[in-house]
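First the structure, in the form of structure tokens, and then the observations on it.
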Protein chains: 2
Amino acid sequence: MSDRAGLDFPRPLTTVDVVIFAIKSDALQVLLVQRPDTESEPFPGAWALPGGFVDIAGDRDLEACAVRKLKDKTGVVSPYLEQLGSWGSAARDPRGWSATHAYFALLGEHAAGGALAADAQWFTIGGEKVKPKLAFDHAEILQAAIQRLRAKVEYTSLPAYLMPPEFTLPELQRSFEIVLGRPLEKSAFRTRMLTADLIEPIAKMRKGPNRPAQLYRLKKAKAPVFFARTFNPPE
Amino acid sequence: MSDRAGLDFPRPLTTVDVVIFAIKSDALQVLLVQRPDTESEPFPGAWALPGGFVDIAGDRDLEACAVRKLKDKTGVVSPYLEQLGSWGSAARDPRGWSATHAYFALLGEHAAGGALAADAQWFTIGGEKVKPKLAFDHAEILQAAIQRLRAKVEYTSLPAYLMPPEFTLPELQRSFEIVLGRPLEKSAFRTRMLTADLIEPIAKMRKGPNRPAQLYRLKKAKAPVFFARTFNPPE
DNA sequence: CATGCTTAGTTGTACAGTCCAACTAACTTA
DNA sequence: TAAGTTAGTTGGACTGTACAACTAAGCATG
């Protein structure tokens with residue numbers, strides 16, 4: 001049945017979905033969109049990850065489709081976009097066998113504060129899920145994205161993409177802690193960040209109610225940094 | 001154009017491809033299949049990764065499709081199968097917009113020594129490629145798989161899946177070195193393997209021309225072990 | 001003004017695990 | 001027996017994480 005000489009066989013429905021993360025209100029949040037509330041649609045009115053069908057006439061490749069769908073809902077281009085994985089089966093969509101190519105994106109604080117499409121909204125992540133029940137297998141995809149992000153935060157600089165353009169080291173540490181859901185040891189964190197080729201100080205301090213803090217910014221065109229060792233796991 | 005109310009729009013061709021690794025002749029090898037030598041097929045007679053179209057009537061999900069295609073060519077089920085990623089674009093296949101969901105598999109020495117389908121053959125990997133020019137974008141997929149495998153070998157126990165049922169520690173170390181393409185430090189390697197919950201000694205020694213070596217086997221139903229730290233990078 | 005509190009930044013020490021050199025153990029060959 | 005080889009072990013140096021304790025720099029209060 002596979003590798004048919006002709007191409008006249010049924011093909012899976014093919015979509016791209018994007019898990020878009022940001023830190024808002026001191027919490028990790030994800031962008032969801034509300035599906036149309038019409039009876040002819042699967043999961044009417046339910047919340048889902050942004051995404052939809054691949055347009056083979058307009059999308060050059062999968063990543064271009066992901067970039068398009070992200071921009072449709074947020075109006076911006078993400079500083080970090082990574083392919084998460086794909087899900088495909090007979091069971092995911094009542095309309096028939098379907099597959100999705102999932103990506104996850106990290107939005108900086110300023111980008112995440114902008115206007116959204118009318119059907120889009122930020123939701124706070126609790127554990128490995130959100131409050132609303134999600135359409136399709138999107139809860140599973142969201143969980144996979146959260147697990148992937150958290151695993152990579154243990155040994156990379158990924159949360160730097162969630163920061164505003166200028167930030168202090170304690171603020172950066174806080175972003176790691178929010179994603180991971182646990183405190184990190186300050187001196188090890190500082191050593192890690194200051195010895196990596198990642199950030200540079202700017203000639204400005206953050207004034208607050210206590211001691212002023214040095215402001216930093218990401219170095220130009222910065223790819224994520226990989227560290228040789230993870231933070232120690234929580235007990 | 002996306003999220004169309006109806007489903008009467010063109011869909012991408014959808015395939016699953018599997019990068020199957022094994023160690024044979026003291027080298028990392030990958031299984032390739034030769035495409036049909038007919039003019040009506042794209043890349044006639046060229047070597048390609050095992051795979052092909054998703055059969056939406058017979059394949060429950062993407063992974064089932066991958067397992068089927070691996071078994072078609074090798075006759076066995078792999079002890080380790082991991083999703084690698086997906087590639088989809090207008091440019092990969094002259095027949096039209098297509099997407100593939102790629103997996104990589106690790107075959108133990110015994111499984112890799114068995115009979116193959118008539119069109120399949122093992123090829124030695126040099127650097128991040130093989131000698132033959134591959135069909136479609138399979139050279140790119142193979143490169144991604146090799147990079148993924150090597151990156152994960154720095155901090156996991158993955159090469160254990162490439163071993164025969166019984167092995168010595170120096171043999172296990174050799175498998176890591178073959179995949180990584182560089183020597184590893186013996187005492188650190190032994191500490192790593194013996195303190196992980198991965199292998200157990202059996203009541204048998206390997207007799208050879210020098211000192212006898214203790215034989216080990218993988219502990220039952222063993223998921224890969226993750227280590228907190230990578231081996232030090234080569235200079 | 002002094003004191004206490006808070007957060008920013010720093011420092012010395014302990015620890016786990018990687019690397020290296022050197023060693024002992026167990027075999028084979030000349 | 002000596003030399004060579006591989007298997008297995010050990011002490012010390014190194015890296016970077018965690019911890020406790022400290023100094024620095026502000027603010028509020030009495």
Side-chain angles (χ1 to χ4, degrees), chain A residues 26 151 153-157 159 163 166-178 180 182-217 225-235, chain B residues 26 151 153-157 159 163 166-178 180 182-217 225-235:
Chain A
D26 213 43
V153 171
E154 300 279 357
Y155 63 94
T156 70
S157 60
M163 301 302 295
E166 302 169 353
F167 49 86
T168 66
L169 277 177
E171 284 164 358
L172 184 59
Q173 179 170 344
R174 181 65 192 141
S175 72
F176 277 75
E177 291 170 343
I178 287 168
L180 292 173
R182 70 178 200 264
L184 294 175
E185 202 279 314
K186 181 169 49 165
S187 71
F189 183 82
R190 293 180 68 91
T191 300
R192 177 173 270 215
M193 294 297 130
L194 294 176
T195 51
D197 186 31
L198 178 66
I199 58 177
E200 61 197 3
I202 64 174
K204 197 162 152 199
M205 307 292 277
R206 172 88 78 222
K207 297 287 170 65
N210 300 300
R211 177 172 166 166
Q214 172 67 56
L215 279 165
Y216 295 84
R217 70 185 165 209
V225 171
F226 285 74
F227 301 100
R229 178 170 170 172
T230 63
F231 298 116
N232 284 357
E235 313 108 346
Chain B
D26 213 44
V153 170
E154 301 278 355
Y155 64 93
T156 71
S157 60
M163 301 303 294
E166 301 169 353
F167 50 86
T168 66
L169 277 176
E171 285 163 0
L172 183 58
Q173 178 171 345
R174 181 67 192 137
S175 72
F176 277 75
E177 291 170 343
I178 286 168
L180 291 174
R182 69 177 199 265
L184 294 176
E185 202 280 315
K186 180 168 50 165
S187 70
F189 183 83
R190 294 179 67 92
T191 301
R192 179 173 269 215
M193 293 297 131
L194 293 176
T195 52
D197 186 29
L198 176 68
I199 59 177
E200 61 196 2
I202 63 174
K204 197 161 150 199
M205 306 291 276
R206 171 89 78 221
K207 296 285 169 67
N210 299 303
R211 177 171 166 165
Q214 172 67 58
L215 280 165
Y216 295 83
R217 67 185 167 209
V225 171
F226 287 73
F227 301 99
R229 177 167 170 175
T230 62
F231 297 117
N232 284 357
E235 313 107 347

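Naming: A, B, ... by sequence-line order, numbering from 1 per chain. Bear in mind the structure is a predicted one, so any value in this text is a computation, not a measurement.
The residue B/Thr168 sits apart from the nucleic acid: no heavy atom pair falls under 4.0 Å. Among the atoms of the strands shown, base atoms are found under 4.0 Å from some heavy atom of A/Arg190. The residue B/Phe227 sits apart from the nucleic acid: no heavy atom pair falls under 4.0 Å.
Rounded to whole angstrom, the span from the CD atom of B/Glu185 across to the P atom of D/dT10 amounts to 15 Å. If you take CZ of A/Arg174 and P of C/dA8, they are 12 Å apart, rounded to a whole angstrom. Rounded to whole angstrom, the span from the NZ atom of B/Lys186 across to the C1' atom of D/dT10 amounts to 12 Å. Atoms CZ (B/Arg182) and C1' (C/dT18) sit 12 Å apart, rounded to a whole Å. Between A/Leu184 atom CG and D/dC19 atom P there is a gap of 11 Å when expressed in whole angstrom units. At whole-Å resolution of the value, CG in A/Asn210 and P in D/dA28 are 10 Å apart. When the P atom of C/dT18 is taken as reference, atom CD of B/Gln173 falls 12 Å away, rounded to whole Å. A straight line from CG of A/Leu215 to P of C/dA8 spans 12 Å, rounded to a whole angstrom.
Position along DNA chain D of the nearest nucleotide to B/Asn232 versus B/Pro209 favours B/Pro209 as the more 5'-ward residue. Map B/Ser187 and A/Phe189 each onto its nearest nucleotide of DNA chain D; the residue landing nearer the 5' end is B/Ser187.
Heavy atoms only, all atoms of each residue included: A/Lys204 and A/Gln214 are closest at O-NE2, 3.5 Å. Looking at every heavy atom in both residues, B/Arg229 comes nearest to B/Asn232 through NH2-OD1, 4.2 Å.
In the interface, the side chain of A/Lys207 is not paired with the base of D/dG26 through any donor and acceptor atom under 3.5 Å apart. Judged by atom type and distance alone, B/Arg211 does not reach the base of C/dA26 through any side-chain donor-acceptor pair under 3.5 Å.
Checking D/dA18, C/dG9, C/dT18 against every side-chain atom of A/Ala188, the shortest atom distance belongs to D/dA18. Distances from the side chain of B/Ala213 to the nucleotides D/dG26, D/dT15, D/dA7 place D/dA7 closest.
Classification of the A/Tyr155-B/Tyr155 ring pair by plane angle, with boundaries at 30° and 60°, yields tilted.
Side chain of A/Gln173 to main chain of A/Pro170: no donor-acceptor pair is present (N/O by atom type, distance under 3.5 Å, no hydrogens or angles). Listed for the A/Ser157 side chain is a donor-acceptor partner under 3.5 Å among the backbone atoms of A/Val225.
Side-chain N/O atoms of B/Arg192 include none lying less than 4.0 angstrom from OP1 or OP2 on C/dG17.
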